[in-house]
Amino acid sequence: MRENIPYIHNYCDRWCERCTFTSRCAVYEMEASYSEGEKDMHNEAFWNRLSENFKTSMQMLIEGGKKHGFDFDKIPEEEMKQAALEMEEVDALTDADPLIRMVDEYTDKMHCLLDDTEYWKSIAGAYVVKTELEIGDPEDTITELQTLTDCREVISWDHFFINAKFRRAVSGRLESWFDASDLQSDSNGSAKIAMIGVERSLQALAAIYEYTKDEDRLLPLLSLLTQIEKMAKDKFPRAIDFVRPGFDTEAVTYV
């Protein structure tokens, strides 16, 4: 068995079913051991497991701090208040960032489209009618329907993920410890995986448009994503050169 790749999970899209590196990911290995209840956020077992993970992480953080002479219990109250104020300021500035505002708009609009059950039923229905009337090659019809289904899965998976990663990238740049000269900063890494999601979603949306020709619903989303892509490249010009563990260092390709 090949060894796990350290920190590979930090800059992935968490879509394990489509990843070729699951056999070398410690997080996947851990999550594979969870019961179905522990994977379901609507199940009490999920929240119990999350609570235990949080307690374990906090204990590790406390112990790690003590090894380096840092005691969390002795942090002055004024410093705690100042840190809280700085976090609130970062959150506010992140919310107001032009890129984030555009990403939020895309997320909301895409969520509305994905939530429109009747819309997707009508698209699938058109293919059913096409099959019943024996219009065109049946195999081509099936292939198109499979492609549409796959593309819908892509935009569904990515639209919240893109938002979360761009928020992390933007807020990271606002943190006091951020070093603009550091190519391997978390901001660049977060921006890179978000930009990969944007590119993938653009391709998926374009494919759906190619089959449906729905200008009213799809062209505005394509336009928004294109603007997001351009703005992100301008804001994070070095993100593309960020080296992700595994994905950018191994010969195996990511799907």
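What you are looking at is a predicted structure, and each value in this text was computed from that prediction instead of being measured.
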inquiry  = Working note: D104 + R101, criterion side-chain contact (heavy atoms from CB on, under 4.5 Å); need CA distance, chi angles, decisive distance, verdict.
reply    = CA-CA 5 Å; D104 282 344; R101 293 178 69 175; 5.6 Å; no

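- In this structure, R14 and E31 have side chains that are in contact, with non-hydrogen atoms separated by less than 4.5 Å.
- A distance-only check finds no donor-acceptor pair linking the side chain of T249 to the backbone of P245 [under 3.5 Å].
- Tested against R167 for a side-chain contact (heavy atoms from CB on, under 4.5 Å), the candidates I162, L99, D95 yield a single pass: D95.
- Between R217 and T212, every side-chain heavy-atom pair lies at or beyond the 4.5 Å cut-off.
- More than 12 non-hydrogen atoms from other residues, nucleotides or ligands lie less than 6.0 angstrom from OH of Y34.
- In this structure a side-chain-to-backbone donor-acceptor pair under 3.5 Å is missing from W120 to D115.
- When the side chains of ILVMFWY residues are joined at heavy-atom separations under 4.5 Å, either directly or via intervening members, L183 and I196 end up in two distinct hydrophobic clusters.
- Put simply, the side chain of E229 never gets that close to the backbone of E199: no donor and acceptor are under 3.5 Å apart.
- Although no hydrogens or angles enter the test, the distance criterion places no donor-acceptor pair under 3.5 Å between the side chain of R152 and the main chain of I208.
- With rounding to the nearest 0.5 angstrom, the CD1 atom of I5 is 4.0 Å from the CZ atom of R24.
- The OG1 atom of T22 sits 15.0 Å away from atom NE2 of H9, with the distance rounded to the nearest 0.5 Å.
- With a 6.0 Å radius and a threshold of 12 heavy atoms from other residues, nucleotides or ligands, Y211 has its OH atom above the threshold.
- Here the closest non-hydrogen pair linking S187 and A169 is OG-O, 2.9 Å.
- Criterion: ILVMFWY side-chain heavy atoms under 4.5 Å apart, direct or through other members. Under it, M195 and M102 are part of a common hydrophobic cluster.
- A donor-acceptor pair is defined here as one N or O able to donate and one able to accept, closer than 3.5 Å; such a pair exists between the side chain of K192 and the backbone of I240.
- A distance of 5.5 Å separates NZ in K109 from CG in L224, rounded to the nearest 0.5 Å.
- Among all heavy-atom pairs drawn from D13 and W157, the shortest one is O-NE1, 3.0 Å.
- With hydrogens and angles ignored, the 3.5 Å screen pairs no side-chain donor or acceptor of R244 with any backbone N or O of I193.
- Closest non-hydrogen pair, I155 versus S201, comes out as CG2-O, 4.0 Å.
- Across all non-hydrogen atoms, the minimal contact from A124 to L145 is CA-CD1, 4.4 Å.
- Expressed to the nearest 0.5 Å, how far OG of S156 lies from CG of L114 amounts to 5.0 Å.
- Side-chain contact between V90 and E86 is absent, with no heavy-atom pair separated by less than 4.5 Å.
- Taking CG from D91 and CE from M87, the interatomic distance works out to 6.5 Å, rounded to the nearest 0.5 Å.
- Clustering of Ile, Leu, Val, Met, Phe, Trp and Tyr by side-chain heavy atoms under 4.5 Å joins Y11 with F242.
- V154 places a side-chain heavy atom less than 4.5 Å from the side chain of R18.
- For F166 against A191, the heavy-atom pair with the smallest separation is CE2-O, 4.2 Å.
- Side chains of I228 and M231 form no contact here, defined as non-hydrogen atoms less than 4.5 Å apart.
- At a threshold of 4.5 Å between non-hydrogen side-chain atoms, the residues C151 and T147 count as touching.
- Side-chain contact between D97 and K235: present, with at least one pair of heavy atoms (C-beta onward) separated by less than 4.5 Å.
- Among residues at least two apart or in separate chains, salt bridge (Lys or Arg N to Asp or Glu O under 4.0 Å) pairs with a member in residues 175-190 are R168-D186.
- The nearest pair of heavy atoms linking V103 to N163 is CG1-CA, 3.6 Å.
- Under the ring pair (Phe, Tyr, Trp, His ring centres under 6.0 Å) criterion, the residue pairs touching residues 96-118 are H111-H159, H111-F160, with sequence neighbours excluded.
- Residues L205 and M110 are in side-chain contact: their nearest non-hydrogen atoms beyond the backbone lie under 4.5 Å apart.
- Cation-pi geometry between K213 and Y209 is met: the NZ or CZ atom falls under 6.0 Å from the ring centre, inside 45° of the normal.
- One hydrophobic cluster holds both L221 and Y119 under the rule that ILVMFWY side chains link at heavy-atom gaps under 4.5 Å.
- Note: L93 CG to I100 CD1 = 12.0 Å, rounded to the nearest 0.5 Å.
- More than 12 non-hydrogen atoms from other residues, nucleotides or ligands lie less than 6.0 angstrom from CE of M30.
- S223 and Q227 form a side-chain donor-acceptor contact under 3.5 Å, judged by distance and modelled atom types alone.
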